[in-house]
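Order of the sequence lines sets the chain letters (A, B, ...), proteins ahead of strands, with each chain counted from 1.
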Amino acid sequence: MAGQEILRADRIIHLISRQINGTLSDTEEQELLQWRAELPGNEKLYTDLLDADYRNSMMVKMQAYDAESSLERLKAQMHSPAKSILHWSAYLRVACVVLAATFLVFYLYTKLTFHKKSEISTNKIISPGGSRATLTLADGSVINLDDAGNGELAKQSGIIVRKTSDGQLVYQTVSNHSENEPVTYNEIKTPNGGQYRVILPDGTEVWLNAASSLHYPTRFTSPERHVSLNGEAYFEVKKQDGKSFFVDTENQQVQVLGTHFNVNGYEDEEFVKTTLLEGSVKVKLSGSKNVEAILKPGQQAQLSQSTDLQASKISIQEVDTENVISWKNGYFKFDNISLQELMRQISRWYDVEVVYEGPVKDYEFVGQIERSANLTKVLKVLELGGVHFRIEGKKIIIND
Amino acid sequence: MATDQNNTSVSVNMGDQETFEAIYRSYFAPLCVFAESYVGRFASEDIVENQFLKLWNKRQQFQDHGHLRAYFYRATKNACLDLLKTSKREEERQFNSAALPDDSEDSCLQEMIRIEVIAEIYRAINDLPSQCHKVITLGYIDGFSNDEIALQLGLSQQTVKNHKGRGLQLLREKLSDDALLALTIFGIFY
């Protein structure tokens, strides 16, 4: 590109900015007048930019992009290419450490030290979950997403749903759709052992954990964006013209404008846990005016799942957010959780039933396991920790 | 203004981490809006991230800021056009526009002017001191009230008000009242 033309464009940006600021001199005005007549399109560009409404709409678009989180993503790639050739041995070392860590980091504190040997059936391998889900369209038809090929899945009133090559779901609005078409709803549902990522029509990204479902409109037309969730999901909400985004679960509502957060609302868990990673969110007991809290990044709100609304209150605590969203990054990561809590996660991901025979000792688990590991490997770790159990088919029976 | 008008003669090295990050914060969102006009919301971020990554990997140097800026818009536009050309199905084209856009130098510079004038205001807000920026963003863009902001940032309501006042003052120094009209959508003046 010629240097002359670039200098000229810089100059014009400067002049139009000054015109907007009302600081343009007479000679500069002449210069701008001349430019406006020079090329077709210049005049239109000029009038657009002097229109405050136009600038408003462009500003809102620009604010919707988050340079910081994009930069974070990019940093991982920025330092990798050179290393991969020069220091391949470093990778090997890291791989060994990770492998060792998988087994070693798994500390376990138990009050009893003696234990008898548990049985792990070695003849049957129970594999971990994967990218599995079903999509229910507005007309009630159900698409199995693991079987579906890449590309367009369905077209419904001005919306196209497609599956990308890396297996996520994307909604796109056809440009010439009519705003008056009725809003339709879709539902994505993961089974035990399934996990899925979807990009909603407003650009919001949602990672859905196992045994969960998300109900959402295929177009956000009303002044508020509402979705409802069963189970667990991690959200990266895109800001949109100051339109709030709401996540409704059984008895809680989360309100945000554009932030990153995780909601764990499995019905078999004692609390709905909402964890904020970035930005700010408001957590509210559904149907209540005063039971609410605003979270800061790094905080988690816990709301009892009990149906006694009178007794409901939200407690807030600082948590390690890395642990909370480890599921999305391919790990089970535990920090002082009970055996029951651990087994609930295992049962959802490996699609196994867990049965307790008699009372269970007081365990506290700390550590991490890859979600890609077979169940056998996970159970070995349990065994090392002194938990007694046996396997019958797809049932794990704990008999402490 | 918040631009680089005064730095035009200083060369820019995109292999320097600090420079790279500063340029990223300044150009990422504007370039995404630019790319969005061709390929839509979903592909825009990927395209822009790729442009940055290329410059980083090549440790690319530019003779001045103006050249860097023009290069960015040109390269981003080329990447968008490539994507449109390779999108095989008819429908995908329909999304983005019926025919491929004008590919001339003149039109690219015109579009750059369009985005960059807006980007000046965007950068002015982002250049505010961090606490001012937070208060202004939470208040005017995220729509939280003073007491909610006070709670979130652990400040008193009076401090929040002071930060707002200071932020607006700083913005006024950079932009005229008319440019500030761009902010009225966030309810800055009530």
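Counting heavy atoms from C-beta outward, B:Glu21 and A:Lys75 have side chains that approach closer than 4.5 Å. Inter-residue side-chain proximity for A:Tyr65 and B:Glu36 is flagged as met; some heavy-atom pair is nearer than 4.5 Å. Side-chain contact between A:Tyr46 and B:Ile113 is absent, with no heavy atoms from C-beta onward closer than 4.5 Å.
Counting only distance, with no hydrogens or angles, the side chain of B:Gln110 and the backbone of A:Ala9 share no donor-acceptor pair below 3.5 Å.
Summarising the local packing, CZ of A:Arg36 is surrounded by more than 12 heavy atoms from other residues, nucleotides or ligands at distances under 6.0 Å.
Here the straight-line distance linking atom CZ of B:Phe28 with atom CG of A:Leu74 works out to 9.0 Å at 0.5 Å rounding. To the nearest 0.5 Å, the span separating CD on A:Glu5 from SG on B:Cys108 amounts to 10.5 Å. The structure places CD1 of A:Ile12 at 10.5 Å from CE of B:Met112, a figure rounded to the nearest 0.5 Å. Here A:Met58 contributes atom CE and B:Phe34 contributes atom CZ; the two are 10.5 Å apart, rounded to the nearest 0.5 Å. Of the inter-residue distances, the one linking A:Lys61 atom NZ with B:Ile115 atom CD1 reads 8.0 Å to the nearest 0.5 angstrom.
Interface summary for chain B: among A:Asp66, A:Leu71, A:Ile294, the most heavy-atom pairs under 4.5 angstrom belong to A:Leu71. Each of B:Leu151, B:Ile118, B:Asn126 has some count of heavy-atom pairs under 4.5 Å with chain A, and the biggest count is that of B:Ile118. Among A:Ser70, A:Pro297, A:Gly203, the residue with the largest count of heavy-atom pairs under 4.5 Å with chain B is A:Ser70.
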Checklist line | Check against side-chain contact (heavy atoms from CB on, under 4.5 Å), A:His14 and B:Val117 | finding: CA-CA 8 Å; A:His14 179 62; B:Val117 169; over 6 Å; no

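Nearest heavy atoms, B:Arg114 versus A:Leu49: O-CD2, 3.5 Å. The shortest heavy-atom contact between A:Asp10 and B:Gly66 is OD2-CA, 3.3 Å.
Contact annotation for A:Tyr54: only side-chain heavy atoms (C-beta onward) come within less than 4.5 Å of a heavy atom of chain B. Looking at A:Leu45, the atoms closer than 4.5 Å to chain B (heavy atoms on both sides) sit in the backbone and in the side chain alike. Contacts of A:Asp48 with chain B are made by side-chain atoms alone, with heavy-atom separations under 4.5 Å and no backbone atom involved. Neither the backbone nor the side chain of A:Gln299 has a heavy atom closer than 4.5 Å to any heavy atom of chain B. In this structure, the portion of A:Arg73 lying under 4.5 Å from any heavy atom of chain B is its side chain and not its backbone. With a 4.5 Å cut-off on non-hydrogen atoms, B:Ser44 touches chain A through its side chain but not through its backbone.
A salt bridge does not link A:Arg55 with B:Glu120: none of the charged nitrogens is closer than 4.0 Å to a carboxylate oxygen.
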